[in-house]
Amino acid sequence: MMQLLTIDEIISSIMEETEGLDAEITDGIILSKKEIPQSEIEKLKSELGIEYLDSAFSEYILSYNWGNFGFLSYQFGYDDETSLSWLINRNLDYDEYPALRKKNLIIIANGDPYTILLDCKSGEIYAFTNDMTYEEIVTVASDFEEFVRAMGTAQYAVWKNAEKEFIESMKREYSESSLKFWKELVSVY
């Protein structure tokens, strides 16, 4: 039975898998610790008009280089390892951001076909596609840490050809609707 990897195990598996590869190739694949100042959270909240931002998300978003990182076909940020501007811009550039804001949601990652959302108050993570209504969005993790651990475990499973074991373990943890997201995540590869 496959367990979700810890963040440290995910980092180790990525380092192992990318060992010897050119830095240009590994840029955006390697998750590394970063010290982003707390003031970036205040800027994020102010620019996006967020009153309360889940503390687990805040802690993780300031501790690693999400601004230039992705798992499988999902990208958190692009070309920004020192601030949270990527997160601010991604939301402000989204036509329907006012609708998201009313529901206390922000976009935290993009992929195909899903966009990943954070509920700023509860910390829950959702996935939705362009053809879904906001009532149809799917819960894919109870918080950001669980989401990252599941994404990292999915990437590990793809590298080790263990997609079936990954899906089996996800079946025990998640609803049928979120299982569709996890199945699609590992079958793309």
Side-chain angles (χ1 to χ4, degrees), residues 4-5 7 9-11 13-15 17-18 21-34 36 40-41 43-44 47-48 50 53-54 56-97 100 105-120 123-132 137-141 143-159 163 166 170 178 180-189:
L4 289 186
L5 300 175
I7 294 194
E9 288 169 336
I10 291 166
I11 292 172
S13 76
I14 294 170
M15 296 307 278
E17 205 60 38
T18 59
L21 291 178
D22 193 304
E24 225 167 82
I25 297 169
T26 62
D27 192 38
I29 299 174
I30 294 178
L31 182 61
S32 56
K33 287 211 175 262
K34 273 278 188 279
I36 295 172
E40 283 295 314
I41 290 290
K43 181 179 163 197
L44 173 79
E47 299 254 346
L48 296 183
I50 300 168
L53 188 60
D54 177 66
F57 176 74
S58 298
E59 183 186 320
Y60 279 103
I61 208 77
L62 293 176
S63 302
Y64 296 91
N65 67 323
W66 304 108
N68 205 24
F69 181 75
F71 283 120
L72 299 167
S73 63
Y74 286 80
Q75 192 66 31
F76 287 88
Y78 181 71
D79 225 12
D80 181 10
E81 289 190 23
T82 55
S83 76
L84 298 180
S85 298
W86 61 273
L87 196 54
I88 294 167
N89 295 335
R90 177 61 189 100
N91 282 280
L92 294 180
D93 292 346
Y94 180 60
D95 292 344
E96 292 186 36
Y97 181 68
L100 286 181
L105 299 170
I106 59 170
I107 297 170
I108 58 165
N110 292 7
D112 184 25
Y114 293 94
T115 297
I116 307 302
L117 303 171
L118 166 81
D119 181 312
C120 295
E124 281 187 293
I125 307 293
Y126 302 101
F128 86 109
T129 60
N130 288 343
D131 55 0
M132 287 176 155
I137 64 175
V138 178
T139 305
V140 291
D143 63 26
F144 189 65
E145 180 188 5
E146 181 186 355
F147 178 69
V148 169
R149 290 180 62 202
M151 289 292 270
T153 305
Q155 179 150 345
Y156 176 82
V158 166
W159 282 336
E163 295 91 338
F166 172 74
M170 297 310 265
S178 60
K180 186 178 176 205
F181 168 79
W182 295 112
K183 281 179 178 169
E184 205 157 309
L185 178 70
V186 294
S187 69
V188 173
Y189 286 83

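Hydrogens, waters and symmetry mates are skipped; everything else that's a heavy atom, side chains included, is used.
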Practice prompt. Would you confirm whether the ring centroid of Tyr74 sits within less than 6.0 angstrom of the ring centroid of Phe147?
Written response: no

Worksheet item: Are side-chain heavy atoms of Arg90 and Asn110 found at a separation under 4.5 Å?
Response: yes

Discussion item. For a 4.5 angstrom cut-off between non-hydrogen side-chain atoms, does Tyr156 reach Ile10?
Written reply: no

Practice prompt. Can you measure from CH2 (Trp182) to CD (Glu163) and round to the nearest 0.5 angstrom?
Written response: 14.5 Å

Worksheet item: Do the side chains of Leu62 and Leu84 get nearer than 4.5 Å, heavy atoms only?
Response: yes

Discussion item. If you compare all heavy atoms of Ser13 against all heavy atoms of Trp159, which two are closest, and at what distance to 0.1 Å?
Written reply: O-CZ3, 3.8 Å

Practice prompt. Of all the heavy-atom pairs spanning Ile88 and Leu48, show the shortest one and how long it is.
Written response: O-CD2, 3.8 Å

Response to the item:
Leu4 and Ala150 have their tightest heavy-atom pair at CD2-CA, 3.7 Å

Practice prompt. Anything under 30° is parallel, anything over 60° is perpendicular, the rest tilted; go ahead and classify Phe76 against Trp66.
Written response: tilted

Worksheet, complete the sentence: Heavy-atom nearest pair, Thr129 first then Pro113, reads CG2-O, 3.5 Å

Discussion item. Please find the pair of heavy atoms, one from Phe166 and one from Val186, that lie closest to each other, and give the distance.
Written reply: CD2-CG1, 3.7 Å

Discussion item. Quick check for you: to the nearest 0.5 Å, what is the distance between Asp143 atom CG and Tyr60 atom OH?
Written reply: 8.0 Å

Fill in: Ile36 and Ile61, any side-chain heavy atoms less than 4.5 Å apart
no

Worksheet, complete the sentence: Smallest heavy-atom separation, Glu146 atom then Ala141 atom, equals OE1-C, 3.9 Å

Fill in: Pairwise side-chain contact, Glu40 with Leu87, heavy-atom cut-off 4.5 Å (strictly under)
no

